[in-house]
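Take a look at the structure below.
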Amino acid sequence: MSGVHDVVRSPGGNTIRQENQKGPGVPFRSKEMLDAWLEEFAAGGVGEGVAAFVADQDPVGGVDSGLVIYPLANATTSVYLAPIAVGVPDWRVTFEAQPEVTELSPEAVYALCREISRAADLCAFLQRKSVEHMAQLAADAEN
């Protein structure tokens with residue numbers, strides 16, 4: 001699929017290109033929707049202690065980017081979660097280049113592994129919610 005690419009900024013200032021494919025049944029990942037999904041994730045117990053938040057960004061072309069910031073306490077890199085494209089339910093975790101070397105004790109490495117595991121859980125949850133949302137939009141369009 002080819003389309004127009006929206007350029008947004010990541011927490012570390014790098015540009016992220018997201019394909020913008022508008023059309024019927026396209027999920028609109030608004031800040032309000034993603035905030036509700038993050039609350040649902042936290043309420044489910046899996047996201048306990050997760051400090052993820054939805055980035056405040058100006059919509060590009062009328063569509064929010066869906067950028068979720070996941071701060072890591074045990075690393076100096078920025079980590080964020082984002083859908084790979086508008087109209088596609090797939091999400092990815094992105095680790096930006098680290099500005100400096102990180103040296104960790106074994107305990108801190110284990111803590112970082114737990115953080116990364118929770119980021120993966122959150123990414124899978126957001127992807128599942130996107131699939132459900134797209135299915136609901138398709139069902140609503142049929143009615």
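As the structure is a computational prediction, the values presented were derived from the model and not from experiment.
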Looking at every heavy atom in both [X] and [Y], which two are closest together, and how far apart are they?
X	Y	result
Ala119	Leu81	O-CD2, 3.7 Å
Ile84	Arg92	CG2-CG, 3.3 Å
Pro83	Gly66	CD-O, 3.4 Å
Pro71	Ala51	CD-O, 3.5 Å
Cys123	Val93	CB-CG2, 3.6 Å
Met134	Pro89	SD-CD, 3.5 Å

Nearest 0.5 angstrom please: Arg114 CZ to Asp121 CG, how far?
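Between Arg114 CZ and Asp121 CG, I get 13.5 Å after rounding to 0.5 Å.
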Looking at CG of Leu72 and CD1 of Ile116, how far apart are the two atoms once the value is rounded to the nearest 0.5 Å?
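Between Leu72 CG and Ile116 CD1, I get 6.0 Å after rounding to 0.5 Å.
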Tell me every residue that passes side chain to side chain donor-acceptor pair (under 3.5 Å) with [X], counting only those two or more places apart in sequence or in another chain.
X	result
Thr77	none
Gln127	none
Ser105	Glu107
Trp91	Ser130

Applying salt bridge (Lys or Arg N to Asp or Glu O under 4.0 Å), name anything that partners Asp90, two or more places apart in sequence or on another chain.
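Partners of Asp90 by the salt bridge (Lys or Arg N to Asp or Glu O under 4.0 Å) criterion come out as none, since no residue qualifies.
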Mind checking what makes salt bridge (Lys or Arg N to Asp or Glu O under 4.0 Å) contact with Glu39, not counting sequence neighbours?
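Salt bridge (Lys or Arg N to Asp or Glu O under 4.0 Å) check on Glu39 returns nothing, list empty.
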Pairs meeting criterion ring pair (Phe, Tyr, Trp, His ring centres under 6.0 Å) with involvement of residues 94-122, two or more places apart:
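Output for this query is empty, none listed.
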Checking the side chain of Glu100 only, and the main-chain atoms of Thr76 only, is there a donor and an acceptor separated by less than 3.5 Å?
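Absent.
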With sequence neighbours excluded, what pairs up with Val109 under the side-chain contact (heavy atoms from CB on, under 4.5 Å) test?
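side-chain contact (heavy atoms from CB on, under 4.5 Å) list for Val109, sorted by chain: Leu104, Cys113.
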I'd like to check the side-chain contact (heavy atoms from CB on, under 4.5 Å) partners of Ala120; sequence neighbours left out, ordered by chain and number.
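With sequence neighbours excluded, Ala120 shows a side-chain contact (heavy atoms from CB on, under 4.5 Å) to no residue whatsoever.
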Below 30° counts as parallel, above 60° as perpendicular, anything between as tilted: where do the rings of Phe125 and Phe41 land?
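Geometry flag for Phe41 against Phe125: tilted rings.
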Using a strict cut-off of less than 4.0 Å between a Lys/Arg side-chain nitrogen and an Asp/Glu carboxylate oxygen, indicate whether Glu132 and Lys129 qualify as a salt bridge.
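Salt bridge present between Glu132 and Lys129.
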Write out all pairs satisfying side chain to side chain donor-acceptor pair (under 3.5 Å) with one or both partners inside residues 134-143, taking only residues at least two apart or from two chains.
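Qualifying pairs: Gln136-Asp140.
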Would you indicate whether the side-chain heavy atoms of Leu122 and Tyr70 approach each other to under 4.5 Å?
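The answer is yes, as the side chains (C-beta and beyond) meet within the 4.5 Å cut-off.
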